[in-house]
Amino acid sequence: MTTTVVNHVVAGSDYVGESERTAPVFDPALGVATKEVRLASTADMDAAVKAAEAALPGWAGMSMTKRNQVLFRFRELLEAKKGELAEIITSEHGKVLSDALGEITRGQEVVEFACGLPHLLKGEFSLNASTGVDVYSLKQPLGVVGIISPFNFPAMVPMWFFPVAIAAGNTVILKPSEKDPSAANWMAALWKEAGLPDGVFNVVHGDKEAVDALLEHPTVQSISFVGSTPIARYVYETGARAGKRVQALGGAKNHMLVLPDADLDLVADSAVNAGFGSAGERCMAISVVVAVDPVGDELVQAISSKMSEIRVGDGRRSCDMGPLVTEAHRDKVASYIDIAEQDGASVVVDGRGVSPDGEAGGFWLGPTLVDKVPTSSKVYTEEIFGPVLSVVRVPSYDEGVELINSGAFGNGTAIFTNDGGAARKFVTDIEVGMVGVNVPIPVPMAYFSFGGWKHSLFGDSRAHGEEGFRFFTRQKVVTSRWLDPSHGGLNLGFPQN
Ligand code: NAD
């Protein structure tokens, strides 16, 4: 039964707005709607942008020391209370509690990185560039910035962006996924407790109407989007047309290339953990194992044997893998198993008959392994975003690399081998943004930047790291001379000494 309404958070308070539209929020392990979330109208978004605009001069003008103190307090509160946030995530997303805590920890690392703001916002200075002339650069905030996030990491993905945006002196509108909206409100309350001035961090819930209002709003300076590729492309094109700076991270289809000399036990563990963690609803999940002959049979046997140990059930119990986020998504993912059968692949482990440790109405689908997937099948070409792991066999390393490089996406990939030379060649040859060597989910640390190639990223800026600070600041170069009578007089040329 629906009991709670998730409101927007504007200027530090709950905000109802004028829109009467709402969407149900499900507990995926129970299969019932437990909350409703408000879906903002264009006018609701405008009210939030006005609040963010009003907070901008105070926040952007505050000393870095004081801004930094707020960030440190947010980090301390997050560390102390993250168990509460993990429970919220599990109750709306479905991932198991330990995995929810894991995503918060990865987000917290970006907060910790952003606490280095005094160093990261330093400009450059050249003394006496010309006689008596000094040149220096400044990094200033953009203004009001927008963040639009997907359902699969309701805490971590927003934290890829907002700690950096706020550290740099911007004010923020976060439009989270309507499927699991409460984590954003919890983080807004934490910012308030940390002493962030009202209006610096605002949360507006909604669907396409809210996204379009943010993309078109003349006050909003930039958009950081993460989600599926078709929406990423739309957001990139619409936001850029409206004159905004846009970074839009899209979908993925991540391959793991296994060479015959690899340690197959390590490979099987890695494939299972990276394929079925968070029920495969991770943009860096491994979805295709590319087995170089002759390891295919032995590898499929090792993976399927480890899969039999995975306990599927309610993420609040001691399980390894939870349900999928919605019934519709579960059905769509399961339909790819039907397609695999029709296309002549071999379904080695079938998750459709899973017996979960949870309520019968939950959105369950067990881990599934499909071998000998034809590369023409939609099971191979499309992003499935669920617990369906494909195996494709290739005769050689070169054909494995060619297969990976011919794909539409370029988010993450990994090679498993004990041959350093082969690994080094792979790292150089592969056309993918994030690469693992015997590491299946190579998510960069907060002080590097996260982002893929090709249809996995539209725009030229990745998330966090130094690129994050560059994205959320505008640079200015100042050439300065103080009155010196020796430099007077008429001179139409460039100064040369
Ligand atoms: P999604 O594209 O459906 O939604 C993402 C955001 O866009 C949400 O806030 C949603 O409300 C909004 N949205 C949905 N439909 C829209 C429309 N028609 N117009 C405007 N806005 C719209 O994605 P999702 O299902 O929430 O998340 C899963 C996807 O995100 C997968 O494709 C996954 O690979 C991708 N993802 C990518 C990364 C990455 O780093 N590249 C990280 C996480 C997730």
Side-chain angles (χ1 to χ4, degrees), residues 6 21 23 25 28 37-40 42 45 92-95 103 106-107 110 146-161 173-181 183-184 203-216 223-239 246-254 277-287 324-326 328-330 332-333 382-386 407-413 432-434 441-444 449-459 461-464 468:
V6 183
R21 291 193 308 128
V25 180
V37 60
R38 294 197 185 280
L39 301 177
T42 304
M45 182 59 82
E92 294 182 2
H93 175 284
K95 64 178 75 175
E103 82 155 275
R106 295 311 303 264
V110 183
I147 300 168
I148 302 161
S149 55
F151 81 84
N152 67 318
F153 286 113
M156 182 185 80
V157 166
M159 281 196 273
W160 281 353
F161 305 104
I173 308 286
L174 169 61
K175 205 303 284 173
S177 169
E178 63 276 38
K179 295 190 178 108
D180 45 13
V203 179
V204 180
H205 298 289
D207 52 11
K208 181 170 166 45
E209 184 174 348
V211 170
D212 284 343
L214 198 56
L215 292 176
E216 302 287 356
I223 299 290
S224 303
F225 171 91
V226 181
S228 57
T229 287
I231 312 292
R233 185 186 280 113
Y234 168 77
V235 164
Y236 178 72
E237 290 174 354
T238 313
V246 187
Q247 50 182 178
L249 285 71
K253 191 87 184 178
N254 305 315
S278 197
E281 293 170 328
R282 286 182 182 146
C283 61
M284 289 292 275
I286 289 293
S287 43
L324 275 79
V325 69
T326 58
H329 187 57
R330 190 268 316 274
K332 183 171 178 222
V333 173
E382 295 184 359
E383 180 181 38
I384 298 176
F385 218 58
F409 302 102
N411 214 39
T413 190
V432 173
M434 294 171 281
I441 304 192
V443 173
S449 295
F450 183 108
W453 286 17
K454 301 199 257 185
H455 290 179
S456 297
L457 173 67
F458 299 90
S461 285
R462 298 171 297 163
H464 57 71

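Ligands are counted one by one from 1 in listed order, and the atoms in each one are counted from 1 as well.
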Val25 and Glu178, any side-chain heavy atoms less than 4.5 Å apart: no

Under-4.0 Å heavy-atom contact with ligand 1, by part of Arg282 that carries it: neither

Nearest neighbour in protein (non-hydrogen) for atom 22 (C) of ligand 1: Ile231 CG2, 3.6 Å

Exam field: side chain Glu103 to backbone Ala155, donor-acceptor pair closer than 3.5 Å: yes

Nearest-contact summary for atom 19 (N) of ligand 1 - protein heavy atom, Å: Lys208 CG, 3.5 Å

For Glu383, atoms of ligand 1 separated by under 4.0 Å from a heavy atom: 31 (C), 32 (O), 33 (C), 34 (O)

Heteroatom distance test (Asp207, ligand 1): nitrogen or oxygen, under 3.5 angstrom: no

Side-chain donor or acceptor of Glu383 paired with backbone N/O of Ala252 under 3.5 Å: yes

Atom 4 (O) of ligand 1 touched by protein (heavy atom, under 4.0 Å): no

Protein contact to atom 7 (O) of ligand 1 [nearest heavy atom, distance to 0.1 Å]: Phe225 CE1, 3.4 Å

Heavy-atom protein neighbour under 4.0 angstrom from atom 14 (C) of ligand 1: no

Shortest non-hydrogen contact between Val246 and Val235, atoms and distance: CG1-O, 4.2 Å

Under 3.5 Å: N/O of Cys283 near N/O of ligand 1: no

Close-contact set for ligand 1 against Asn411 heavy atoms, below 4.0 Å: 41 (N)

Proximal atoms of ligand 1 relative to Asn152 (non-hydrogen, under 4.0 Å): 43 (C), 44 (C)

Residue and atom name of the nearest protein heavy atom (relative to atom 24 (P) of ligand 1), distance in Å to one decimal: Phe151 CD2, 3.5 Å

Numbered atoms of ligand 1 (with element) below 4.0 Å of Ser149, judged on heavy atoms: 6 (C), 8 (C), 9 (O)

Donor-acceptor pair, side chain of Asn254 and main chain of Ala285, under 3.5 angstrom: yes

Ligand 1 to Ser228 polar contact by distance, N or O atoms, under 3.5 Å: yes

Under 3.5 Å: N/O of Gly250 near N/O of ligand 1: yes

Proximity of Val235 to ligand 1 by residue part, where a heavy atom lies under 4.0 Å: neither

Min side-chain heavy-atom separation Leu174-Phe161 under 4.5 Å: no

Of the listed options Ala23, Pro181, Pro150, closest to atom 27 (O) of ligand 1 (non-hydrogen atoms): Pro150

Short N or O distance, Trp160 and ligand 1, threshold 3.5 Å exclusive: no

Any side-chain heavy-atom pair of Lys208 and Tyr234 under 4.5 Å: yes

Pairwise side-chain contact, Leu249 with Trp160, heavy-atom cut-off 4.5 Å (strictly under): yes

Any donor-acceptor pair under 3.5 Å from Thr413 side chain to Val432 backbone: no

Shortest protein contact, atom 40 (O) of ligand 1 (heavy atom only): Phe450 CE2, 3.0 Å

Backbone of Gly206 reached by a side-chain donor or acceptor of Lys175 within 3.5 Å: yes

Part of Phe409 within contact of ligand 1 (heavy atoms, under 4.0 Å): neither

Ligand 1-proximal atoms of Ile148, by part, heavy-atom distance under 4.0 Å: side chain

Numbered atoms and elements of ligand 1 in range of Gly251, under 4.0 angstrom, heavy atoms: 32 (O), 34 (O)

Ligand-side contact atoms (ligand 1) for residue partner Val226, heavy atom cut-off under 4.0 Å: 5 (C), 36 (N), 37 (C), 38 (C), 39 (C), 42 (C), 43 (C), 44 (C)

Heteroatom proximity flag, Glu178 to ligand 1, N/O under 3.5 Å: yes

